[in-house]
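Worksheet: the structure to be examined is printed underneath.
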Amino acid sequence: MKLKPFHYYSIGFIITVTVGFIYEQYMGFVLGGALYAILMGFIIRIFKINPVEKSIYDRRKKEL
């Protein structure tokens with residue numbers, strides 16, 4: 001399992017929650033986290049992204 005996409009997701013989550021916290025302390029934090037989770041769920045579902053799937057380069061290395 002590759003962890004690189006999860007690092008990007010966690011960085012995006014931290015940025016979103018920080019902006020929400022700066023805007024309005026507690027409700028902004030909660031709403032920022034919830035909206036990020038919902039938005040990423042829709043993006044992953046629409047584009048059929050599988051963050052666990054190996055890249056094409058890793059698959060080629062294994063085949064050769």
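Quick note: numbers below take in every heavy atom, side chains included, and nothing from hydrogens, waters or symmetry partners.
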The reported gap from CD1 in Ile38 to CG in Leu31 (rounded to nearest 0.5 angstrom) is 9.5 Å
Taken to the nearest 0.5 Å, the spacing of Leu35 CG from Met40 CE works out to 13.5 Å
OG1 (Thr18) and CZ (Phe13) are apart, to the nearest 0.5 Å, by 9.5 Å
To the nearest 0.5 Å, atom OH of Tyr36 lies from atom CD1 of Ile14 at 9.5 Å
Do the side chains of Leu39 and Ile46 join up, straight or via other hydrophobic residues, at under 4.5 Å, putting them in one cluster?
yes
